[in-house]
2 protein chains.
Amino acid sequence: MTTDLRYTVRQLAVIAGVSARTLHYYDEINLLKPGRNPANGYRLYDRTAVLRLQQILFLRELGFSLEEIREVLNQPDFDLLTALEQHRLSLQARRRKLEGLIATVERTISFLKGDIEMDAHELFSGFSEEKQKAYKEEARRRYGAQRVDESYQRWDNYSNDQKLKIMQEGKTIYLDLVEAMPYGPSSPQAQEGIARWHQHIRYFYEPSAEILLGLGDLYNDDPRFNATFNRIHPDLAAFMRQAIQVYCQKMS
Amino acid sequence: MTTDLRYTVRQLAVIAGVSARTLHYYDEINLLKPGRNPANGYRLYDRTAVLRLQQILFLRELGFSLEEIREVLNQPDFDLLTALEQHRLSLQARRRKLEGLIATVERTISFLKGDIEMDAHELFSGFSEEKQKAYKEEARRRYGAQRVDESYQRWDNYSNDQKLKIMQEGKTIYLDLVEAMPYGPSSPQAQEGIARWHQHIRYFYEPSAEILLGLGDLYNDDPRFNATFNRIHPDLAAFMRQAIQVYCQKMS
DNA sequence: CTAAACCATAACGTTACGTTAATGTCAAGG
DNA sequence: CCTTGACATTAACGTAACGTTATGGTTTAG
């Protein structure tokens with residue numbers, strides 16, 4: 001009286017909660033080969049096939065690829081454990097990556113909402129009210145009032161979206177400059193980077209050699225700017241100052 | 001003296017850290033259309049293209065699909081914020097899913113290592129030493145010593161891999177029985193499920209009507225078994241008891 | 001002048017199926 | 001007996017985001 005069960009595709013599909021196509025596919029890739037009814041060629045799944053499918057679906061839910069599942073199922077017993085531990089590591093890595101992404105997205109949202117301080121130039125308008133006022137006075141003394149005010153206006157006129165775009169451009173320029181550091185401040189790589197930076201700061205100032213050189217100093221001497229650059233690379237500010245000096249000499 | 005930059009594919013690719021093929025592809029799907037050198041048909045990327053690429057890569061890193069990126073970039077300003085918040089939600093959902101997977105993997109690993117209690121029958125050998133001894137005595141009183149010992153032996157002889165397979169089979173049977181509940185304990189659906197269960201418990205006992213009926217009671221009366229079944233469905237144990245009674249009457 | 005190094009387009013391969021589409025088979029009802 | 005509907009079969013294209021050839025034209029360094 002043993003229930004000599006032989007499921008057809010759809011029957012097994014319904015039981016297991018997958019589509020018939022899935023079973024066709026598993027057959028096609030030799031992951032789960034059913035028997036065949038010689039009369040009509042229909043697939044016939046017996047008890048062992050059902051068990052194997054259960055195993056497959058279990059591992060699939062855990063995020064294994066079908067290829068990995070095949071490997072695991074074709075080797076017995078203990079390899080399952082090591083495969084699972086391996087798999088756990090990759091899942092954890094994926095989770096860490098996701099957490100990084102989420103953090104970045106959240107920072108970006110914060111920035112777009114305006115409640116976070118910004119990098120480098122963006123500090124100009126990103127400081128808290130008090131700090132901003134104090135710094136503005138200092139900047140006026142150093143660079144002249146109308147120039148500073150103009151810079152503020154220019155930055156404020158951008159949309160949030162544009163601000164984000166500009167910041168990102170800045171970041172890539174600084175990263176390129178870091179890559180140029182091994183070649184020295186006079187290298188074409190560095191000078192190319194400074195040229196891009198020169199273009200970039202148009203978003204803030206009408207640049208002149210005076211302004212460029214002043215910024216080179218500012219990045220080194222002002223602790224707020226300096227902190228920002230240090231986060232990218234500890235020698236970046238110094239490197240940029242030198243490169244800017246070379247650049248301005250060539251320009252004149 | 002504006003640096004009138006026009007990058008070729010590979011140049012931009014190197015700068016941006018992507019492959020030339022990627023740029024070709026973005027061109028192909030109209031995500032980033034460069035200009036063309038009319039003389040030879042070469043792609044030429046200008047400053048605005050570079051900026052747009054930066055945006056694209058930024059969003060891509062955040063896990064946006066290229067399709068989504070296109071939508072975001074083709075609408076200005078504020079939609080970025082809502083898109084980001086939307087995106088954050090989906091990232092968080094993915095993280096939750098990952099965490100569920102990791103938990104399951106870890107439980108499975110624990111099980112394979114043998115330090116966790118098991119479901120239903122698996123409780124027989126999965127309890128802590130003390131509980132196990134106590135329960136074994138009880139079982140001996142109820143079902144006779146040699147029968148219980150035989151069950152233990154049978155279970156212990158399986159490999160970890162086989163145990164896992166058996167547990168999974170059991171789980172699917174119980175779930176199928178839950179689906180059969182609306183049709184009543186005498187329904188073909190339920191009886192089919194009980195027949196599978198009957199086969200299943202061969203892994204533990206040489207089944208007789210006496211044993212089957214006894215298990216039907218045990219699932220309801222023993223709090224440890226009952227808890228396990230309640231986790232699947234609050235009425236499952238009661239349903240199974242009735243279905244088993246019907247099944248045994250038909251068998252006799 | 002040639003070879004290396006670049007450019008272009010075309011087209012297939014990847015994962016795990018979903019989705020037609022064309023065709024064959026089976027059980028039930030008129 | 002024939003039809004109808006619900007099943008079965010295989011074949012084939014589509015998905016996302018490129019990687020990887022393959023084939024052929026262009027530019028540049030020596």
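Per chain, numbering begins at 1; letters A, B, ... match sequence-line order.
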Quiz item: Angle, rounded to 10°, between the helical axes spanning five pairs at each terminus of the helix from C:dC1-D:dG30 to C:dG30-D:dC1?
Solution: 30°
Practice problem: Any pair with a residue in residues 13-65 of chain B that passes ring-ring contact (aromatic ring centres under 6.0 Å, His included), sequence neighbours left out, goes on the list, sorted by first then second residue, please. | Solution: B:Phe64-B:His87
Exercise. Compare all side-chain heavy atoms of B:Leu84 with those of B:Leu62 and state whether any distance is below 4.5 angstrom.
Key: yes
Check nucleotides 17-20 of chain C against the protein and report each pair of N or O atoms closer than 3.5 Å, with its distance, or say if there are none.
unit_1 : atom_1 : unit_2  : atom_2 : d
C:dC17 : OP1    : A:Arg60 : NH1    : 3.1
C:dC17 : OP2    : A:Tyr26 : OH     : 2.8
C:dC17 : OP2    : A:Arg60 : NH1    : 3.4
C:dG18 : OP2    : A:Ser19 : OG     : 2.7
C:dG18 : N7     : A:Arg21 : NE     : 3.2
C:dG18 : O6     : A:Arg21 : NH2    : 3.1
C:dT19 : O4     : A:Arg21 : NE     : 3.4

Quiz item: Please, which pairs that meet side-chain hydrogen bond (donor to acceptor under 3.5 Å, both in side chains) have at least one residue in residues 10-20 of chain B, sequence neighbours excluded?
Solution: B:Ser19-B:Thr22
Quiz item: Which pairs with one or both residues in residues 92-105 of chain B pass salt bridge (Lys or Arg N to Asp or Glu O under 4.0 Å), sequence neighbours excluded?
Solution: none
Exercise. Please check if the side chain of B:Glu106 supplies one atom and the backbone of A:Glu85 the other of a donor-acceptor pair under 3.5 Å.
Key: no
Self-check item: Listed partners of B:Ser65 passing side chain to side chain donor-acceptor pair (under 3.5 Å), at least two apart
Solution: B:Glu68
Exercise. Could you name each residue pair satisfying side-chain hydrogen bond (donor to acceptor under 3.5 Å, both in side chains) that touches residues 234-245 of chain A, not counting sequence neighbours?
Key: A:Asp217-A:Arg241
Quiz item: With A:Glu67, which residues qualify under salt bridge (Lys or Arg N to Asp or Glu O under 4.0 Å), at least two apart?
Solution: A:Arg70
Quiz prompt | Length of the line joining B:Gln11:CD and C:dC7:C1', which is rounded to integer Å | solution = 12 Å
Self-check item: Opening and closing nucleotides of DNA chain D in contact with chain A, under 4.0 Å to non-hydrogen atoms
Solution: D:dA8 to D:dA12
Quiz item: Does anything in residues 36-44 of chain A reach DNA chain D, meaning a heavy atom under 4.0 Å, and if so which residues?
Solution: A:Arg36, A:Gly41, A:Tyr42, A:Arg43
Exercise. Take the protein atom NE2 of B:His24 and the nucleotide atom P of C:dA10, then report the distance between them rounded to whole Å.
Key: 12 Å
Quiz item: Any donor-acceptor pair under 3.5 Å linking the side chain of A:Arg52 with the backbone of A:Lys33?
Solution: no
Quiz item: Going through the checks in order, is the side chain to side chain donor-acceptor pair (under 3.5 Å) test met by A:Arg202 and A:Gln199?
Solution: CA-CA 6 Å; A:Arg202 286 212 138 94; A:Gln199 289 300 117; 3.2 Å; yes
Quiz item: Of all residues at least two apart in sequence or in a different chain, which pass the side chain to side chain donor-acceptor pair (under 3.5 Å) check with B:Arg36?
Solution: B:Asp27
Exercise. To the nearest Å, give me how far apart CG (B:Leu12) and P (C:dC7) are.
Key: 11 Å
Quiz item: Heavy atoms, side chains only, cut-off 4.5 Å: are A:Glu28 and A:Arg21 in contact?
Solution: yes
Quiz prompt | side-chain contact (heavy atoms from CB on, under 4.5 Å) involving A:Ala238 - partner list, sequence neighbours excluded | solution = A:Asn220
